[in-house]
Amino acid sequence: AQSVAQPEDQVNVAEGNPLTVKCTYSVSGNPYLFWYVQYPNRGLQFLLKYITGDNLVKGSYGFEAEFNKSQTSFHLKKPSALVSDSALYFCAVREAQGFKTIFGAGTRLFVKA
Amino acid sequence: SAVISQKPSRDICQRGTSLTIQCQVDSQVTMMFWYRQQPGQSLTLIATANQGSEATYESGFVIDKFPISRPNLTFSTLTVSNMSPEDSSIYLCSVEDETVSWNEQFFGPGTRLTVL
């Protein structure tokens, strides 16, 4: 069965500093990996995905994520955090042959000015 | 990207009653999903609703409690039946718009349900 873990409930970063939000996964076969963001009082928005190809995936709002097969990780990164990046971030995984997406518990990102 | 609307946006209901949540999409989509989310917590998939077939429910969710209709490619309803306070949650409709991008899900704004 597929699963995804976000080990940090909360990440605190100063504005302008790099940020990392961690995600590890477990899935049979090749994974499809996703990051979604939920801003306060707004719906979930797609950020980026890894399906195949280059391990470094670039997405919306300057975010990127690196797929590491050996470590079964898909950490979300941004070189310079903005206060407006403060939100709830979800990592998600899907088996390549399936259509069911499993979401992680979420990591709340706080960026201080 | 697909634009999704949900009705109602929120409701407060009495124990034992039922509420039907509507999900409307501005484009035709094959795959539609219903999730439940406690505020600030993760999403739990209730069921997958594809047009022309019966909804597929996840473990812990049954059709008698959460009946789903999918009459066409732009609309679906989820009913929360015989509600109890434990059903208080945010219910989210989600679709995959394969004409935009495969695998990416678009989410509605959610329906915040409180059961007294």
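Each chain gets a letter, A, B and so on, in the order its sequence line appears, and its residues count up from 1.
If you chain together hydrophobic residues whose side chains sit under 4.5 Å apart, B:Met83 and B:Ile12 never meet in one group. Note: the hydrophobic cluster containing B:Val25 does not contain B:Trp34 (ILVMFWY, side chain heavy atoms under 4.5 Å, direct or indirect links). A:Val11 and A:Val4 fall within the same hydrophobic cluster, defined by Ile, Leu, Val, Met, Phe, Trp and Tyr side-chain heavy atoms under 4.5 Å apart, directly or through other members. Under the 4.5 Å side-chain heavy-atom criterion for grouping Ile, Leu, Val, Met, Phe, Trp and Tyr, A:Leu44 is connected to B:Ile90 within one hydrophobic cluster. Connection of A:Val13 to A:Leu47 is established within a shared hydrophobic cluster, with ILVMFWY side chains joined at heavy-atom distances below 4.5 Å, either directly or through further cluster members.
To the nearest 0.5 Å, atoms OH (A:Tyr36) and CZ (B:Phe107) are separated by 5.5 Å. Separating the NZ atom in A:Lys100 from the CG atom in B:Leu45 is a distance of 6.0 Å, to the nearest 0.5 Å. One finds the CZ atom of B:Phe33 at 6.0 Å from the OG1 atom of A:Thr101 (value rounded to the nearest 0.5 Å).
Only the side chain of A:Arg94 has a heavy atom closer than 4.5 Å to any heavy atom of chain B. With a 4.5 Å cut-off on non-hydrogen atoms, A:Gln38 touches chain B through its side chain but not through its backbone. Within the 4.5 angstrom heavy-atom criterion, only side-chain atoms of B:Glu96, from C-beta onward, approach chain A. When heavy atoms are compared at a cutoff of 4.5 Å, B:Leu92 approaches chain A solely by way of its side chain, counted from C-beta outward. Neither the backbone nor the side chain of A:Ile102 comes within less than 4.5 Å of any heavy atom in chain B. Heavy atoms closer than 4.5 Å to chain B are found in the side chain of A:Leu88, but not in its backbone.
Around atom NZ of B:Lys65, more than 12 heavy atoms belonging to other residues, nucleotides or ligands sit under 6.0 Å away. Shown here is A:Asn30, whose CG atom has no more than 12 heavy atoms of other residues, nucleotides or ligands within 6.0 Å.
For a heavy-atom cut-off of 4.5 Å, chain A lies close to B:Gln37, B:Gly40, B:Gln41, B:Ser42, B:Leu43 in residues 36-43 of chain B.
By the side chain to side chain donor-acceptor pair (under 3.5 Å) test, B:Asn82 pairs with no residue at all, sequence neighbours left out.
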